[in-house]
Amino acid sequence: MRYIPNSDIDRKQMLAGIGVTSIDELFSGIPEKLRLRRFLDLPKPLTEPELVDYFQTRAAKNSVGETAFIGAGIYRHYIPIIIDALISRSEFYTAYTPYQAEIAQGTLQAIFEFQTYIAQLTGMEVANASLYDGATGVAEAILMAQRISKKHKFLIAKTVHPEYRAVVDTYARNLGIQIELIDYAADGRVDMEKLEQQSSADVAAVIVQSPNFFGAIEHTHDISELVHRRGGLSIVNVCEAISLGILKPPGQDPSEQRTADIVVGEGQSFGVAPSFGGPHVGFLATRERYVRQMPGRLVGMARDYAGKSGFVLTLSTREQHIRREKATSNICTNQSLCALMATIYLATVGPKALREIAEHNILKTDYAANEITKRTRHRVMFPAPRFNEFVVEVSGECPYGLPLSRFYPELGNAALVCVTETARRKDIDAMVQRLAA
Amino acid sequence: MRYIPNSDIDRKQMLAGIGVTSIDELFSGIPEKLRLRRFLDLPKPLTEPELVDYFQTRAAKNSVGETAFIGAGIYRHYIPIIIDALISRSEFYTAYTPYQAEIAQGTLQAIFEFQTYIAQLTGMEVANASLYDGATGVAEAILMAQRISKKHKFLIAKTVHPEYRAVVDTYARNLGIQIELIDYAADGRVDMEKLEQQSSADVAAVIVQSPNFFGAIEHTHDISELVHRRGGLSIVNVCEAISLGILKPPGQDPSEQRTADIVVGEGQSFGVAPSFGGPHVGFLATRERYVRQMPGRLVGMARDYAGKSGFVLTLSTREQHIRREKATSNICTNQSLCALMATIYLATVGPKALREIAEHNILKTDYAANEITKRTRHRVMFPAPRFNEFVVEVSGECPYGLPLSRFYPELGNAALVCVTETARRKDIDAMVQRLAA
Amino acid sequence: MTGSARTSNHFSLNEPVIFEEGSPGRRGFDLPELDVPARALNDIIEPGLIRDGITGMPELSEVDVVRHFIRLSTWNYHIDLGLYPLGSCTMKYNPKINERMARLEGFALAHPYLPSERIQGALEIQKTLETCLAEISGMDAVTLQPAAGAHGELTGILMIRAYHESRGNPRKKILIPDSAHGTNPASAAISGYIVETVPSNKRGTVDLDRLAELVNKDVAAIMITNPNTLGVFESDIAKVAELLHSQGALVYMDGANLNAMMGITRPGDFGVDVLHINLHKTFTTPHGGGGPGSGPVAVKEILEPYLPYPVIGQNSQSDYFFDNDRPQSIGKIKAYNGHFGMHVRALCYILANGAEGLKEVSEIAVLNANYIREKLKKAYALAYESPTLHEVVFSDRLQARKDVHVWDIGKRLIDYGFHPPTVSFPLIVPGAIMIEPTETESKQELDSFIDAMLTIAKEAEENPEIVKTAPHTTRIGRIDEAAAARRPVLRWRPD
Amino acid sequence: MTGSARTSNHFSLNEPVIFEEGSPGRRGFDLPELDVPARALNDIIEPGLIRDGITGMPELSEVDVVRHFIRLSTWNYHIDLGLYPLGSCTMKYNPKINERMARLEGFALAHPYLPSERIQGALEIQKTLETCLAEISGMDAVTLQPAAGAHGELTGILMIRAYHESRGNPRKKILIPDSAHGTNPASAAISGYIVETVPSNKRGTVDLDRLAELVNKDVAAIMITNPNTLGVFESDIAKVAELLHSQGALVYMDGANLNAMMGITRPGDFGVDVLHINLHKTFTTPHGGGGPGSGPVAVKEILEPYLPYPVIGQNSQSDYFFDNDRPQSIGKIKAYNGHFGMHVRALCYILANGAEGLKEVSEIAVLNANYIREKLKKAYALAYESPTLHEVVFSDRLQARKDVHVWDIGKRLIDYGFHPPTVSFPLIVPGAIMIEPTETESKQELDSFIDAMLTIAKEAEENPEIVKTAPHTTRIGRIDEAAAARRPVLRWRPD
Ligand SMILES: Cc1ncc(COP(=O)(O)O)c(C=O)c1O
Ligand SMILES: Cc1ncc(COP(=O)(O)O)c(C=O)c1O
């Protein structure tokens, strides 16, 4: 086998060195009766040329060429080529978790930079080294808020990504957590009146998403203020990270009352491929005072004993390998390489192009929604300002976007349409034309 | 511009540092009247997403999916994936010629390994660091033989790649070199009788190719013996380097009389993509005693002043940067990265898989030729044993292979068909079926 | 002496954090011109929702970015450089073809919400991988949804809980051997269970008698690692399973060490009801400097109804589809259906090997580990005498006499050009040195490692100071971790 | 002090030559099973034509191969690591997109002998690149066939020869300034010409008076580099051209320094008849550790008939084709039509820049070079006072007083984390230090280089020994090149 260096000759020498005559003897610890007495029933081994053929054939069976205008948490943004060139270096992608700081400074510094970028973008004080994805990120944020508040009731907007809410349900179910939904208003945003009504003193935290699942931009600062007034924590989920390039971040406001306590989200939009759903990269940012309640790894600045400065994994007493069942989370392996992609993405686009990209998303989405309104008989729902998605009510099946009936049966035949900067006007026009037909 | 770091602010600081007020002043050395007073007339700049689109569109206009059974000096062999993964490291592909040995040992050692591999494969004593391609390699070999022999008449087999012969003509024309062709016999090999007749005492060298342009395997050792008997040098060109994995190499024989003096050739088959004709990699190997007449760079073992061993470019007194018009060649930039690809290829396949690959070429070609003979009305020409090409005489246009009429009008409607290990039986059968129709 | 025959010193470039680089006005990316009518943003979005700018975010050219990350990269040790003998981590060579295949456009750009007829290729890949993993582990059904090992544990325990709940009582406790990885108790805890520790016996395996005392109707399951974190096969595993099953409890296996047993023995054949598999260990998906991984969970039929949704169904025309109609499912554990990019890589590896290849993998992994064990067992104290499979655990007992500890030995190995083994784990071995070479190491590389370890053992005797102050050949010395944790600086700020 | 603030020491792994590695029976590649009937080879080929084996060729696994070349790679300096100020070499950043585009399957697998309807994309790329290069250089036609700069020179001179021959007399001589690159005389010589050297004046440019004496009807052409190898623009170039043209001779320009003048002045506008362009300098195709390059040749109309064949034609339906019917052509200079892979990269770069971008390239290349000149001109003696463009040449005159020579200064720069500049070239400057930063370097990187150079100048005064014995921070010290050449060992052999 080409991935196994030792040949028969090597093996014989090693067996002799050990003082046994066959490899089988080394398995003496496994009781005979538990041994498999046949070969596994697997496809016959393929050579490299055959593997290439196998996977190219399967890849060709996914039709990804044509824009489908689907977003819903996974966005097709342009990915600068240098990202793949850099993360393809063995130094990055084949290294382990940087527990041995002296020979992992590259990874450590990059994660520190990721943490800083996320803090800057969300307007928060600190961010962690990544979580599995946005969905588990929201779940972790809820567990974190439970630890901080010692309260167990959570209000979650119905316009938070339905799969995220499903994951929250799975995580929360056995931890005495009670979840209540907040409905959306006619404009597609959180219904502030209902929120006000539901925000009782026993509410640990309120979770909203902005831009929300319908693409609408929430008034997260007003929400944070309201929640804080009621003694709860404010958790904001950002599924479409590009929006942070132009929208006022949940963590930024002159008044601490109006800022979120935890901003959690999905960083896939920052240079990570859709890849049929993963791997992507969750992030979680918070206030400095909650650091010791954070889930996941953290990299901090450090010095060696001679005073030279560098980086190291720190505050690991929160983590499972030290605290075991008392850890803030069970997470171990995280999404480091995707965090690196996001870091390189942010370094490459910088604040200006990030804002321009965000603008193009807004303008193209606005254009698409207006064109559909103007030129088709379909209704674009929810008037609230949008980032790069909107809901359109169609008659019959919509050949674009995500049908919403599975998640929001009350919306009937609606579809969630996403328009990013990668959609060319001619693609949008073609969609409008087809919808008009 | 994204490839230029210095921003306006940087530029202003630098101009101030220089003590000028505008970049224009720095061009004072260029007379005003020679200045271009308009912008160049070029397509408007494209962003990265637009570039990707531009080139993907053009690439899609080349139809390369279907096997065309064309070889003729450029062969479609399977290229192990690790090659690209390794040569894509900036350390290899963005480095300059390794003139500064202390920070170029990686490149130097790899070239030394290339030289050794080529020597081993050809059976010769030494090889150089690469030449532009096989064609210029043959031309350089002829100039080298002229220097060694001080004679000016060369016999070159008509079955040497016609484009190589054309390049030889271009190089030789002004150097008092006289070229005579040797015809091929009915079996497709060099006509030994004619060779015998034409090999006069004033012949500097005889150049043959094996496998030759028709795919036939020559008796290079007999030819070397004959040439040496007449006082000439023997030059063998190997266009299809995979053949060296199984055929007795021109440089190997118990009798020095029967070995070639120069083995030159094209290494594209060793892991280098066809790439529409280039870049590929020429090689040249010879006897130790002719080393100082070799063209091109050479890497040698060396030691630093503390005795630590390493590698360095050596014998550069042969080269243009030292010897100028008296240099053995004008070559400077060569094909280093392609030589590295070949080196990695050879390391990966090793002697066993190299032989197997060669065998598959022979067997599949044999199968294809036999099937055509059996199942179609077309005639496979030239009975000599073949490596991976053969000539088939067709009625009408041949939808496969290279039509030979341009190079060998005497063969009428013949085509040169190539079958490598990458052709699957079903591809071959499909070809035969179409030819039978 | 500070270096070794394996290494030479060479300069490497320094590099500040990215926020200290660049200069205003630099650009690394240009966007195609807007091709729809430009409207004032304020007409679309309330101005109050627009941010001012992003404080501290640097402006860089493409060149600046490339140089920055290239320089950083050169400071890392990695699997393509040499042996990475982290016990329990299975740091094996990551085949280059895996990376290429995962990046095929048809995979990289596929969206899970596309209509199923447009994603047949991706679904086939996932289904095929599920089938292979089920066969390798001897189980009946597989979910690919979990993001990593710990996530798989959570998934598995939640399924156990759902199983018990369906029988009217979720039960209270999960039993976990004292040699277990930290994620095991952590995952059990988030699943709402109390963790009870099962002690190991002097062979390093689960103490059956003590276990028998602990198992009762309050116990939902045992989480057992096999071979365990000492590299020792739980030879009583069948009895363990019987014991649990007799009380209606289930057996969860941490499959982190599957690399020791492929084609040799199967969890499904020795009583395991559910296990997770780390594709980033056994199946060569890269570790990525900490992730992403992938932690599929394989189950016996009894647990199949509880799998997270979607599962991949096949209709009468053999077309694949995501089946979300799973009433007994524990729900979703992650958005979409897992780390597909890792699934492609893992399948590529499995198909490259086939049945004989995977068996060879395990055989050579065990051979390599035992070779190290044999060569080092005089110089380092074996934690347990039991036969070990793919990894071996020593303690620093002999070296500790000179006040040289496991951490020091690990750091000193760096000077010899090696990544340190896993240190101080498993917790039941004081000063544990846990070595897992994997099958992708050559005899030469192992010999060179053995030499280094023997040299260090000698240094510990003769010159302990050099070991205790190691590493000496790295761009930064040993870090003061306590100081870093005391006043954590977790982000860059302008001075 | 042996290092600098820019670098830290870190270990790097050693690695023997590949022939000392592996072991019999290892495999790095497997071939799909033969799917045609197996026949005995001896039935197809005479046994005497089959080789026995390949002595010394190692057997390696894929892992062995990867580790080997990864380790080797870490010993190299490269453009993605930092400034590479080799004068005359234009070591600029190689955009990553170029590499991706050249590898698109439709390009990588294209065969030039495919029927033209199957290669329209490739032909369009080549034709578009030709058109762009013609516009940039101000010429009328372009061939992309030459493999590198020197090869372009040969092509160009052969065309000049063909031109003169068509007028009845090839003439005898090529004039070449004494500052020229070695390939110029070498190329002229293989073209069958005698080389006559033209001295430079004290401004560092061609001495017009001496040139006037040399030009006569025996002269076929001058080969002139502009800006020349001192970075000085040949301000009398128009007069030079006039002088040559008045005698029926032509002007060949070595276009190695085109990076100084894009969009600013064009060879075609100042009297040049033919020039070569190095895509691997000005147009960012990578140097690859010594190659491959690409050396297109651009000509005025009078030389167009002599271009190597094929040229790319376009038929009445605008379809491209290879036109081989070129009766006056010099013939072929290389098989097929040049280094297409490099053509894709160069076109990608040109299209990324456009007219304004390329002008900016030249402007900033010149700005960067002049910034260095200004900052270093007190510490190092300028070779010439003339204004310079994209590069600047100093001499080691000041340092030589302490017996510190250009070579020492270069080697010492390595300790400061920089690749040395070009040294000892051009030959007309004793102890030449030739610095070309290119436009892809930031002010920070230049400042850091300037600091290092100033520190070295100081060291040369105060501690010359440290400079003379440099480098001190590399895995191998200064090589004894003389000894290596005395007994050349050009290949590995078993002991
Ligand atoms: C034995 C064992 N269990 C569980 C885990 C956790 O797996 P992951 O890091 O993929 O979450 C590990 C990882 O190191 C492990 O070694
Ligand atoms: C001025 C000059 N002319 C010619 C050449 C030769 O070009 P190439 O190496 O591409 O053959 C060089 C290359 O270094 C050069 O600097």
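Residue numbers begin at 1 in each chain, while the letters A, B, ... track the order of the sequences.
- Contact of Arg406(B) with chain D is made through the side chain alone, with heavy-atom distances under 4.5 Å.
- Looking at Val232(D), there are no atoms closer than 4.5 Å to chain B (heavy atoms on both sides), in backbone or side chain.
- The most heavy-atom pairs under 4.5 Å with chain D, out of His321(B), Lys61(B), Gln335(B), come from Gln335(B).
- Residue contact with chain B, scored on non-hydrogen atoms closer than 4.5 Å, involves the backbone and the side chain of Leu114(D) alike.
- Only the side chain of Met91(D) comes within less than 4.5 Å of a heavy atom of chain B; its backbone N, CA, C and O stay farther away.
- Using a 4.5 Å cut-off between heavy atoms, Lys308(B) touches chain D through backbone and side chain atoms alike.
- The greatest number of non-hydrogen atom pairs below 4.5 Å with chain D, out of Ile344(B), Leu354(B), Val349(B), is found for Ile344(B).
- The contact between Arg35(B) and chain D is made by backbone and side chain atoms together, counting heavy-atom distances below 4.5 Å.
- The aromatic rings of Tyr77(D) and Tyr84(D) sit perpendicular to each other, their planes meeting at more than 60°, with 30° as the lower class boundary.
- Only the side chain of Ile23(B) comes within less than 4.5 Å of a heavy atom in chain D; its backbone stays farther off.
- Looking at Leu175(B), the atoms closer than 4.5 Å to chain D (heavy atoms on both sides) all sit in the side chain, from C-beta outward.
- Per-residue heavy-atom pair counts under 4.5 Å with chain D were compared for Asp169(B), Thr97(B), Thr94(B), Leu143(B), and the maximum is reached by Thr94(B).
- Interface remark: Arg103(D) contributes side-chain atoms only to the contact with chain B (heavy atom separation under 4.5 Å).
- Relative to the six-membered ring of Tyr371(D), Lys443(D) misses at least one condition, a distance below 6.0 Å or an angle of at most 45° to the axis.
- Contact of Glu421(B) with chain D is made through the side chain alone, with heavy-atom distances under 4.5 Å.
- Minimum heavy-atom separation, Phe425(D) to His181(D): CZ-CA, 3.6 Å.
- Both the backbone and the side chain of Leu34(D) come within contact range of chain B, with heavy atoms under 4.5 Å apart.
- Using a 4.5 Å cut-off between heavy atoms, Leu490(D) touches chain B through backbone and side chain atoms alike.
- When all heavy atoms of Ala150(D) and Ile331(B) are compared, the pair lying nearest together is CB-CA, 4.5 Å.
- Of the atoms belonging to His419(D), heavy atoms from both backbone and side chain fall under 4.5 Å from chain B.
- For the residue pair His219(B)/Glu46(D), the side-chain donor-acceptor check at 3.5 Å is satisfied.
- A salt bridge is absent between Arg100(D) and Glu48(B): the closest approach of a Lys/Arg side-chain nitrogen to an acidic carboxylate oxygen does not fall below 4.0 angstrom.
- For Leu81(D), no part lies near chain B; criterion is any non-hydrogen pair under 4.5 Å.
- Highest contact tally toward chain B, considering only Gly192(D), Ala189(D), Gly293(D), Gly263(D), is held by Gly263(D) [criterion: heavy-atom pairs under 4.5 Å].
- A donor and an acceptor atom, one from each side chain of Glu153(D) and Ser187(D), are located under 3.5 Å apart.
- Among the candidates Gly331(D), Gly357(D), Ala147(D), the residue making the largest number of heavy-atom pairs closer than 4.5 Å to chain B is Ala147(D).
- For a residue to count as touching a neighbouring chain, one of its non-hydrogen atoms must lie under 4.5 Å from one of that chain's; by this rule Thr55(D) touches chain B with the backbone only.
- Chain B forms more heavy-atom pairs under 4.5 Å with one residue of Glu15(D), Glu105(D), His68(D) than with any other, namely His68(D).
- No part of Thr47(B) comes within reach of chain D, as not one of its non-hydrogen atoms sits under 4.5 angstrom from that chain.
- The most heavy-atom pairs under 4.5 Å with chain D, out of Leu34(B), Leu46(B), Asn62(B), come from Asn62(B).
- Using a 4.5 Å cut-off between heavy atoms, Leu402(B) contacts chain D through its side chain alone, with no backbone atom that close.
- For Thr314(B), the part sitting under 4.5 Å from any heavy atom of chain D is the side chain, from C-beta outward, and nothing else.
- Heavy atoms of Glu363(D) lying under 4.5 Å from chain B belong to its backbone as well as its side chain.
- Contact count versus chain B (heavy atoms, under 4.5 Å) is highest, among Glu99(D), Met262(D), Met261(D), for Glu99(D).
- The line from CD of Glu163(B) to CG of Asn324(D) is 7.5 Å long, rounded to the nearest 0.5 Å.
- Residue contact with chain D, scored on non-hydrogen atoms closer than 4.5 Å, involves the side chain of Tyr367(B) exclusively.
- The closest side-chain heavy-atom distance from Thr136(B) to Tyr164(B) is not below 4.5 Å.
- Looking at Ala72(B), the atoms closer than 4.5 Å to chain D (heavy atoms on both sides) sit in the backbone and in the side chain alike.
- Proximity to chain B (any heavy atom under 4.5 Å) is restricted, for Arg161(D), to the side chain, taken from C-beta onward.
- Heavy atoms closer than 4.5 Å to chain B are found in both the backbone and the side chain of Ala122(D).
- In terms of non-hydrogen atom pairs under 4.5 Å with chain D, the most contact-rich of Glu359(B), Arg323(B), Gln105(B) is Gln105(B).
- Salt bridge absent: Arg491(D) and Glu125(B) never bring a charged side-chain N and a carboxylate O closer than 4.0 Å.
- Contact annotation for Pro292(D): both backbone and side-chain heavy atoms come within less than 4.5 Å of a heavy atom of chain B.
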Check against ring pair (Phe, Tyr, Trp, His ring centres under 6.0 Å), His78(D) and Tyr93(B): CA-CA 8 Å; His78(D) 54 105; Tyr93(B) 85 90; 8.9 Å; no
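- Within the 4.5 angstrom heavy-atom criterion, no atom of Ala188(D) approaches chain B.
- Most heavy-atom pairs under 4.5 Å with chain B, from the set Met101(D), Arg26(D), Gln120(D), Met342(D): that is Met101(D).
- Asn370(D) CG to Met14(B) CE: the interatomic distance, rounded to the nearest 0.5 Å, is 9.5 Å.
- Of the listed residues Ala273(B), Ser130(B), Gly134(B), Pro351(B), the one with more heavy-atom pairs under 4.5 angstrom with chain D than any other is Pro351(B).
- Interface summary for chain B: among Asp30(D), Leu109(D), Ile54(D), Ile330(D), the most heavy-atom pairs under 4.5 angstrom belong to Leu109(D).
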